[in-house]
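Let me begin by presenting the structure, written as structure tokens, before commenting on it.
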Amino acid sequence: MPLSTQSQGEDEQYILVTSLDNARNLSNLLKITMSPSQPYFRLSTFGSSGSAHYDYSKDSDMMELFRCKETQTNRYKMSLLKPSTKALTLSCKVSVRTDSRGFLSLQYLVRNDDGQICFVEYFCCPDEEVEEDS
């Protein structure tokens with residue numbers, strides 16, 4: 001059972017009040033928001049089970065090159081992206097590109113059984129425009 005030393009009235013002055021059963025989780029979270037490296041690329045998924053966000057900084061070992069002129073948010077239907085997952089599991093590298101309209105290009109570098117390099121490219125149009133809150 002979480003231990004609280006504040007009354008409910010004292011909590012009203014805060015935007016967020018939470019308690020954790022395991023302080024290690026909080027420690028891990030703090031090691032991630034306090035990082036000097038800002039996220040440059042975020043993948044998010046939303047569904048009935050909840051949501052998840054994966055942030056990649058410009059210093060990430062996974063990021064080879066990142067070029068972006070302005071922040072862009074796009075949504076894609078999973079049913080349209082699902083056919084590309086087979087190429088993803090076979091790929092050595094993936095290039096992710098979007099244009100100003102939000103059209104997504106996924107280019108997969110795949111080595112075949114003979115060691116030859118092949119490229120599989122997949123295109124997907126955005127589901128809808130997403131307005132950012134100002």
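Sequential numbering from 1 along the given sequence is applied to the chain's residues.
Side-chain contact between Ser91 and Leu109 is absent, with no heavy-atom pair separated by less than 4.5 Å. Taking 4.5 Å as the limit, every side-chain heavy atom of Asp127 sits out of range of all side-chain heavy atoms of Leu80. Side-chain contact between Ile117 and Val110 is absent, with no heavy-atom pair separated by less than 4.5 Å. Between Phe103 and Pro126 the shortest side-chain heavy-atom distance falls below 4.5 Å. Side-chain contact between Phe41 and Cys68 is absent, with no heavy atoms from C-beta onward closer than 4.5 Å. Residues Met63 and Ser57 fail the side-chain proximity criterion, which asks for heavy atoms closer than 4.5 Å. Side-chain contact between Asn74 and Leu104: absent, with no pair of heavy atoms (C-beta onward) separated by less than 4.5 Å.
Proximity of a side-chain donor or acceptor of Thr85 to a complementary backbone N or O of Lys82 within less than 3.5 Å is detected. Looking at Glu64, its side chain never comes within 3.5 Å of a backbone N or O of Ser95 through a donor-acceptor pair. Panel note: side chain Asp114, backbone Gln116; no donor-acceptor pair is recorded below 3.5 Å.
A pairwise comparison of heavy atoms in Thr98 and Gln72 identifies OG1-OE1, 3.4 Å as the closest pair. In this structure, Ser105 and Glu121 approach most closely via the heavy-atom pair OG-OE2, 3.1 Å.
Tyr108 and Phe123 are assigned to two separate hydrophobic clusters, defined by single-linkage of ILVMFWY side chains at heavy-atom distances under 4.5 Å. In the hydrophobic clustering of this structure, Phe66 groups with Tyr54; members are Ile, Leu, Val, Met, Phe, Trp, Tyr whose side-chain heavy atoms approach within less than 4.5 Å, directly or through other members. Two different hydrophobic clusters hold Phe119 and Leu81 under the rule that ILVMFWY side chains link at heavy-atom gaps under 4.5 Å.
Within 6.0 Å of atom CZ in Arg111, 12 or fewer heavy atoms from other residues, nucleotides or ligands are found, so the atom counts as exposed in its surroundings.
Using the six-membered ring where Trp is involved, Phe46 and His53 have ring planes that are perpendicular, over 60° apart on the 30 and 60° scheme.
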